[in-house]
Chemist: 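What follows is a structure written as structure tokens; I'll ask about it next.
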Amino acid sequence: MNIEKTLGEKVVEAAKTLYNTTIELSSVSFQKTNKEFEGDITLVVFPYLKVSKKSPEETARQIGEFLKANAPEVAAYNVVKGFLNLVVTDKFWLEFFSSNQQSTIHNQPSTTMVEYSSPNTNKPLHLGHVRNILLGHAVSEILQAVGNKVIKVNLVNDRGIHICKSMLAWQKWGNGETPESAKMKGDHLIGKYYVEFDKQLKPQIAELKAKGISEEEAEKKAPLMLEAQEMLRQWEAGDKEVIDLWKKMNGWVYDGFASTYKDLGTTFEKTYYESETYLLGKELIEMGLQKGVLQRNPDSSVFIDLTADKLDKKILLRSDGTSVYMTQDLGTAVKRQEEFGFDRLIYTVGNEQDYHFKVLFLILKKLGFKWAEGCYHLSYGMVELPDGKMKSREGTVVDADELIAEMISTARQTSEELGKLEGFTEEEKASLYRTLGLGALKYFILKVDPKKKMLFNPKESIDFNGNTGPFIQYTHARIQSIFRKGGVDPGSIKSTINDQQSTITKQEKELIKMLYNYPAVLKQAATTYNPADVANYVYDLAKEYNQFYHDLPILKEEKEELKNFRLALSARVAEKIKSSMNLLGIEVPDRM
RNA sequence: GGCCCCGUAGCUCAGCUGGAUAGAGCAACUGCCUUCUAAGCAGUAGGUCGUGCGUUCGAAUCGCGCCGGGGUCACCA
């Protein structure tokens, strides 16, 4: 059931009959009719003037007349300048609605791996990570909804100098403190020592600088820094004491992350650890050298020359034979391909790494991996605060756990003020506040186009009115309330409206049209990896429903037939709100 | 400096595969709860779509230049 296609074919016929010309079906495109004109679907006739050799108005009129005579779906038409507005019959919409069919979308199912989150283990998650996690999760859900097999993976950066900093600080000043003894989440505890390290390091650097050593040099030569580097060497050498400490402290961090992931409602099929992948990729270097794709410097470091592709030269192996970030990413990608045989691999990583991924994918192609075509960098903009960027070092970060707690508490406050929760147990209330607080946060982040940077104002961004998650959740709760009041089971409403004689109101038709559009929206969101398409759709749907709800009686409608139709319509809208929101990782309550 | 991204109402964002008088929300102002949840609905006000050329019957949308903001150009990750 596809009205565009049906009418498009008729337009092709019209061109044949009226102007004796063959036009391609694919070249016929319709758009939504503007609100201020009558009609559902509009054909812009300007492109056909050359063929018709008539004025825009006359051309539109002729095609309109043809369609009205030959397409049973067209009830009427009107012409405004070169715009042919077509009114689709109520019968068509009602039949679509009562058939309860999806206007199906064709999609090549594939196996898609989505990498997201990818945290460091030396500090807790902040708002930037939240955007990453929500995006990765939502994109995974959307891809799955259109029929792909999705494998969600996380790549944890659990090794390196930054972790040694936290370890060293804890060793020196921690007095054996644990998350239990400090009553702190593990990731926050580690973060505390990471900050402590920096605090202790600063005076050392200042001291060296006072002796006339350059800033850069001072940072490297400060005693604490030397100790941290020594610790990293011991880690790489497999020193048992260091490894044990590392395992213990990472364990704390993972417990902390697990709880944040749980709050955000995401899970991973597989977690990769850099401590296990950082040596990967070296054998690719040998292969690349043999293929002549890579070159070796006199100092025996290895690089690839991408200047012909308007990129730079990139080192892939240091002169001491150790690998770099890029090498590791190459190796990890190959390993993943071997393990899962994906068709697509999506990296959810901030846009500051655009260049890195451009290079990564290009090297994979040059090494001869065909599947590199299926690699994609889901690049997203930063989250900025009113006073600028978030920087961990400067403490200008919005902590994920604190933010979540704050959203939940605001939800509680708002709910208590409104006082609609009579009969709720304390647990039910607590669960609702979570649903609402997290709904507000997730929707706030996902409604904006991923590739754009976004501004988060802690004071103003927590809103529950207007274009927000709770507004949409509220609409769902409202619908469920109707069913409760009417003692109706939404699953078993029989809408037996007689579509021969009945007409539908503007509000009803708009809702049916939106239900009709859902698959197209989903497809669009999936092909552009953009959850914001779903977010904007579900907002529009909720807004449209609220209008319908306000303007027309549902339970109070006296005609049984019409009442059932409106109940059925409400049920279908509720379903769509629920499934759309679930794609965004947002739950919808039945009461609020 | 080279390359990449962005610039739409006071604020936060839609619209961008070219189409009609550029849309929402927030903030401001005004109405609507003895009627299915007012976290709602309706309305007023707010825009030379950064700017200048160009392509086109038609440009917020495409191209080029300029201005402004951000990112990135490690044998760091």
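Chain A is the first sequence line, chain B the second, and so forth, proteins listed ahead of strands; every chain is numbered from 1.
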Chemist: Whole angstrom is fine here: how far is it from CE in A:M326 over to P in B:rU72?
Modeler: 15 Å
Chemist: Can you tell me the distance, in whole Å, between the CZ atom of A:F483 and the P atom of B:rC36?
Modeler: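 Going from CZ in A:F483 over to P in B:rC36 covers 16 Å.
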Chemist: Counting only side-chain N and O atoms of A:R478, is one of them less than 4.0 Å from OP1 or OP2 of B:rA38?
Modeler: yes
Chemist: Could you tell me which nucleotide pairs with B:rG46 by Watson-Crick or G-U wobble geometry, both distances under 3.5 Å, or answer none if nothing does?
Modeler: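 For B:rG46, the partner nucleotide comes out as none, under the 3.5 Å rule.
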Chemist: Decide whether a cation-pi geometry holds between A:R159 and A:Y273; the criteria are a distance under 6.0 Å from NZ or CZ to the six-membered ring centre and an angle within 45° of the ring axis.
Modeler: no
Chemist: Would you call A:E57 and A:K81 a salt bridge, using N to O less than 4.0 angstrom?
Modeler: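 Not counted as a salt bridge, because no side-chain N and carboxylate O are separated by less than 4.0 Å.
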Chemist: State yes or no: are the ring centers of A:Y529 and A:Y376 separated by less than 6.0 Å?
Modeler: yes
Chemist: Provide the distance between the two P atoms, one in B:rU34 and one in B:rA39, to the nearest whole Å.
Modeler: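 The same atom, P, in both gives a distance of 15 Å.
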Chemist: My understanding is that a pair needs two contacts under 3.5 Å, Watson-Crick or G-U wobble. By that rule, which nucleotide pairs with B:rA20?
Modeler: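 Pair assignment: B:rA20 / none.
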Chemist: It should be established whether A:Q353 places a side-chain nitrogen or oxygen under 4.0 Å from OP1 or OP2 of nucleotide B:rA77.
Modeler: no
Chemist: In whole Å, what separates the C1' atom of B:rC67 from that of B:rA20?
Modeler: 32 Å
Chemist: Counting only Watson-Crick pairs (N1-N3 plus N6-O4 or O6-N4) and G-U wobbles (N1-O2, O6-N3), all under 3.5 Å, who is the partner of B:rC26?
Modeler: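 The base-pairing partner of B:rC26, which may sit in any strand shown, is B:rG10.
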Chemist: Please measure how far the P atom in B:rC3 lies from the corresponding atom in B:rG23, and state the result in whole Å.
Modeler: 38 Å
Chemist: Please determine, for B:rU72, whether a Watson-Crick or G-U wobble partner exists with both distances under 3.5 Å, and give it or none.
Modeler: B:rG2
Chemist: Contact class for A:N530 vs. all strands (heavy atom < 4.0 Å): base, sugar-phosphate, or nothing?
Modeler: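 Touches nothing.
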Chemist: Between the base of B:rA14 and the side chain of A:D533, is there a donor and acceptor pair under 3.5 angstrom?
Modeler: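 By the distance-only test, no, there is no pair.
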Chemist: Compare side-chain N and O positions of A:K81 against OP1 and OP2 of B:rU21 and report whether any pair is under 4.0 Å apart.
Modeler: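 Affirmative; the distance criterion is met.
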Chemist: Quick one: label A:P56 by what it contacts on the DNA or RNA (base, sugar-phosphate, nothing), any heavy atom closer than 4.0 Å.
Modeler: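 Answer is nothing: A:P56 stays at 4.0 Å or more from every strand.
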Chemist: Can you tell me if A:F83 is stacked onto the base of B:rA20, using a 5.5 Å centroid cut-off and an angle below 30°?
Modeler: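 The ring of A:F83 is stacked on B:rA20.
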Chemist: Looking just at side-chain N and O atoms, do A:N250 and A:D158 make a donor-acceptor pair shorter than 3.5 Å?
Modeler: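 There is no such pair between these side chains.
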Chemist: For B:rG46 and B:rA24, measure between their P atoms and round to the nearest Å.
Modeler: 15 Å
Chemist: Suppose we call a contact any N or O donor and acceptor under 3.5 Å apart; does that hold for the side chain of A:S319 and the base of B:rC75?
Modeler: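 Present.
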Chemist: Out of B:rU72, B:rA20, B:rC75, which nucleotide sits closest to the side chain of A:V80?
Modeler: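 Closest of the options to the side chain of A:V80: B:rA20.
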Chemist: Sticking with atom P, work out how far B:rA14 lies from B:rU8, rounded to a whole angstrom.
Modeler: 11 Å
Chemist: If the C1' atom of B:rG18 is compared with that of B:rA60, how far apart are they to the nearest Å?
Modeler: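 Per the computed distance, 11 Å lies between those C1' atoms.
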Chemist: Now, which nucleotide makes the Watson-Crick or G-U wobble pair with B:rG52, with each of the two distances under 3.5 Å?
Modeler: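 The answer is B:rC64, by the H-bond criterion.
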Chemist: Going by the glycosidic torsion and a 90 degree boundary from 0, is the base of B:rC13 oriented syn or anti?
Modeler: anti
Chemist: Using the C1' atom on both, measure B:rA45 against B:rC53 and round to a whole Å.
Modeler: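 Nearest-Å result for B:rA45 against B:rC53 at atom C1': 35 Å.
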Chemist: Would A:Y549 count as stacked on B:rG40 if the rule is ring centres under 5.5 Å and plane angle under 30°?
Modeler: no
Chemist: Testing the 3.5 Å rule here: is there a donor-acceptor pair between the side chains of A:N132 and A:Y380?
Modeler: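 Side-chain D/A pair, A:N132 to A:Y380: present.
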Chemist: Ring-plane angle category for A:W235 and A:Y278, please: parallel below 30°, perpendicular beyond 60°, tilted otherwise.
Modeler: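 Correct class here is tilted.
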Chemist: Please determine, for B:rG40, whether a Watson-Crick or G-U wobble partner exists with both distances under 3.5 Å, and give it or none.
Modeler: B:rC32
Chemist: With rounding to whole Å, what would you report as the distance between B:rA27 and B:rC13 at their C1' atoms?
Modeler: 15 Å
Chemist: Between A:K50 and B:rC57, is there a side-chain N or O to OP1/OP2 distance below 4.0 Å?
Modeler: no
Chemist: Between B:rA77, B:rG19, B:rG40, spot the one nearest the side chain of A:P47, thanks.
Modeler: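 It is B:rG19.
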Chemist: Pick base, sugar-phosphate or nothing for A:T322, based on heavy-atom distances below 4.0 Å to the nucleic acid.
Modeler: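 Here A:T322 touches no strand at all.
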Chemist: Quick one: the side chain of A:D299 and the base of B:rC75, do they pair up donor-acceptor inside 3.5 Å?
Modeler: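 Yes, a donor-acceptor pair under 3.5 Å.
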Chemist: Kindly confirm whether the side-chain ring of A:F46 is stacked on the base of B:rG58, judged by centres under 5.5 Å and planes under 30°.
Modeler: no
